[in-house]
Amino acid sequence: MAAHVFAAIDVGSFELELCIYEVLSKNEMRQIDHLRHMIPLGKDTYRTGKISYRLVEEMCQVLERFSQVMKAYKVEDFRAYATTAMREAQNNKIVLDQIKVRTGIEIRILSNSEQRFLGYKAIAMKEAEFQKIIQKGTAIADVSFGSMQISLFDKDRLVATQNIPMGILKIQGILSKIHGDSETEQRIIEDLVDNELYAFKKMYLKDRDIKHLIGIGESILYLARDVLKGGRADHITAPQFMEAYQRLMKMSLYQIEDRFGVNENYARLIIPGVIIYKQILELTGAEMLWVPGIRLSDGMAAEYAESVRCLKFSHNFDDDIMTMSKNMAKRYRCNSSHGQCIETYVSAIFDAMKKYHGMGPRQRLLLRIATVIHDCGKFVSLKDPSPCGYDIVMSTEIIGLSHRERETIANVVRYNIEHFDYQKTDIVVAKLTAILRLANAMDRSHRQKMADCKIAVKDKELVIAVNYPEDLSLEIMEINAKADFFEEIFGIRPVVKQKRRA
C-alpha cells in the first residue's frame, strides 16, 4: 500500500507549527518535516481578551507559507487545530474567518478535552512503553502555554482528569507585573501552582499511589535532553530531575539560551514550565518521570492514521471514556445498579433498532454515557433534577468528547424527565432521549426485573420478551407511557410480551 502524506497544523498559544508525516500501513508513521514560527497569541488573549489584527496578519502570512510547503510535499490531507489562546479569544470567529478567506485554511478550535485526548493518543502510539507504565499508578502531566492537565491511571484505566487554568504564559504574565530576583519569582510560581493543585490533591490523590509521571510539553522536553548524557533521556528518576532542576535555577537567562539553544523568548518560558513539573512531581510522589517527546501534532497524525485504517490501537479509549463517566456517576451518588442495568437495556435497544435510527458507534457511546449519569442532578435537587443534571454535565469535562458531544449528553440527561423541546434540540438528542426513556421505564422499580429480556423488531413493533414470572405492572405502565414518544421518533412501538412460567 502506498504511503499517505499528511500535514498537521497546530495553532498554539505561543507558536504556529506544521508537521508533515508519512503514514504507512501496519501502524507505521514517521515525521518527515517540522516547521515552527513563534507568535504570542496567548499574550494578546490573556492580556486583552482578543487577538490583535497585527497578529492575524502575521498568522496569515505564516499559514500561506505552510500551504506552499504542503503543496510541495503533495499532502493528501491535513488538519488544522487551535487551542487555548484561540479558544479563549473573544474575537476568535472573526480571526478564523479572516484566515479561511485569505489562506483557504479552515482551522477548528479544539475543546480542552479533545486537545488533551489527542496528546493521550500520541502517547499511546508508543504502545509497548505506554502499556507497561500504566499498569501501576500513573499520572500524565500535560503542561502547555495556556493551561495544564493532570490525568490519573489506575490498572490500565483512565480514572480521573482535570484541567487547571494555570499555564506557562499565564504565569509569565503574572511575573511581568512583579519586579523581583529569581528566587522571589521561583517562590511566587511555586505558591501559585500549589494553590491551583490543592483542590486536585484533595479530590483525586487521596489514598492513591503514583509510581510514574508522564510529562508532556515544551519545557520538559528541553530539560529531558539535558538530564542524561549517554543514557535514556526519556526516563528520568525523581533525584535526577531534582538535580537538573537545581542546576537550572542557578542559570542566568543568557546561560539558559546557550545551554538549550533557544532564543530569549523561549528561555524565559522554560523555568516556569519546569517549576510546574517539579511541583507536580512532589505532589504525586512519583519515582520516575517518562518524557515520550510527543506534541499535539503527533496526536493529530495518529487520529488521521486511525481514520484511514493505517493505525489500530490495542488500548481501548472508549473504555477510558466510560470509566471516567462511571467515576463521575459515583461522585454524584448515582444509583450504580440501576445505571448498569439500563446501560444494558439502552445498548440492546440501540442494536436492535440499527435499521431504523441510522446512528453509529459514536452515538451509541454518547447514549451509554448519558445513561450512566442520567440521575446525577438528584445530587443537587430531588425536586428539579433535570436542569441540575444538565448544568453538572456541561460543567464537567469528559476527556475525549467535544463541547457539542457533551451538550448532546447534557440534553439527553435533561429531557429524560423534562418535557421535550423540539425547537431547542436536534434529532440525535431526540433519538437518544427516546431510547433512554424506554430503558428507564424498563427498570422503573429499580429491581432489574427484565434483566433476561430479549429485544427485537417485529412487524413495526419493538418486542421486549420477558421471562419474569411475577408482577410487571409498574414497568408495563411506564413503558406504555413512554411508547408514544418512542413511536413518534422511530415509527416503531415498544410492546412487552411476558412469558409466565406454569
Side-chain angles (χ1 to χ4, degrees), residues 5-21 31 33-75 77-112 114-115 118 144-147 165 167-177 217-219 257 261-270 272-273 295-301 403:
V5 182
F6 171 77
I9 298 175
D10 176 10
V11 181
S13 298
F14 190 67
E15 63 185 5
L16 299 180
E17 188 174 37
L18 170 68
C19 290
I20 309 289
Y21 296 88
Q31 186 183 109
D33 206 348
H34 181 203
L35 304 176
R36 302 166 77 180
H37 178 86
M38 215 179 346
I39 182 168
L41 300 182
K43 189 175 180 181
D44 266 17
T45 297
Y46 308 139
R47 189 181 69 238
T48 68
K50 296 181 179 181
I51 295 174
S52 66
Y53 185 78
R54 178 182 62 81
L55 290 186
V56 174
E57 184 78 20
E58 186 177 347
M59 265 196 293
C60 289
Q61 292 174 3
V62 174
L63 290 170
E64 283 174 352
R65 291 203 300 272
F66 283 1
S67 183
Q68 293 169 5
V69 172
M70 289 192 291
K71 287 178 182 177
Y73 276 104
K74 298 181 180 179
V75 166
D77 199 359
F78 77 93
R79 293 178 186 177
Y81 292 157
T83 55
T84 311
M86 188 71 75
R87 186 165 61 237
E88 296 184 8
Q90 297 170 18
N91 63 335
N92 55 30
K93 291 182 180 178
I94 297 170
V95 172
L96 295 183
D97 181 69
Q98 281 289 305
I99 290 172
K100 183 178 179 181
V101 169
R102 293 177 57 179
T103 70
I105 295 175
E106 187 169 357
I107 297 171
R108 180 184 162 214
I109 298 177
L110 292 177
S111 68
N112 180 70
E114 290 176 300
Q115 175 187 343
L118 285 177
S144 62
F145 294 114
S147 64
I168 296 171
L169 279 178
K170 290 184 179 179
I171 288 176
Q172 190 64 36
I174 293 170
L175 291 181
S176 66
K177 301 173 185 177
E218 285 294 315
S219 299
E257 291 178 51
V262 296
N263 61 27
E264 182 181 345
N265 290 326
Y266 259 108
R268 290 184 184 279
L269 299 175
I270 288 178
R295 292 183 166 85
L296 178 65
S297 55
D298 297 320
M300 294 161 67
H403 177 83

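What you see is a predicted model, and the numbers here were worked out from it, not measured in a lab. Reckoned from all heavy atoms, side chains included, excluding hydrogens, waters and symmetry mates.
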Looking at [X] and [Y], what are the two nearest heavy atoms and their distance?
X	Y	answer
Asn92	Ala89	ND2-O, 3.1 Å
Leu55	Ile39	O-CD1, 3.7 Å
Leu41	Gly12	CD1-O, 3.4 Å

**Asked** So which pairs with a foot in residues 8-19 pass side-chain hydrogen bond (donor to acceptor under 3.5 Å, both in side chains), sequence neighbours left out?
**Response** Ser13-Tyr46, Glu15-Arg36, Glu15-Tyr266, Glu17-His34, Glu17-Arg295
**Fill in**
With sequence neighbours left out, the residues meeting salt bridge (Lys or Arg N to Asp or Glu O under 4.0 Å) with Glu64 are none
**Request:** Return the set of residues passing salt bridge (Lys or Arg N to Asp or Glu O under 4.0 Å) with Glu106 (not counting sequence neighbours), or none when no residue passes.
**Result:** Lys100
Which residues pass the side-chain hydrogen bond (donor to acceptor under 3.5 Å, both in side chains) test with [X], not counting sequence neighbours?
X	value
Ser147	Arg116, Asn163
Glu114	Arg108, Ser111
Glu264	Arg268
Glu58	His37

Under the rule for side chain to side chain contact (heavy atoms under 4.5 Å, CB included), what residues qualify as partners of [X], not counting sequence neighbours?
X	answer
Leu35	Leu18, Asp33, Phe66, Val69
Asp77	Phe6, Tyr304
Leu96	Met86, Ile107, Ile109

**Asked** Is there a donor-acceptor contact under 3.5 Å from the side chain of Ser67 to the main chain of Leu63?
**Response**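 Checking the backbone N and O of Leu63 against the side chain of Ser67, no donor-acceptor pair under 3.5 Å is found.
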**Prompt:** Backbone N or O of Thr84 within a donor-acceptor pair of the Asn112 side chain at under 3.5 Å?
**Reply:** no
**Message:** According to salt bridge (charged side-chain N to carboxylate O under 4.0 Å, His left out), does anything in residues 86-95 pair up with another residue at least two apart or in another chain? List the pairs.
**Reply:**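 Qualifying pairs, neighbours excluded: Glu88-Lys170.
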**Request:** Give, for atom CD of Gln98 and atom CG of Asn91, the distance between the pair rounded to the nearest 0.5 Å.
**Result:** 10.5 Å
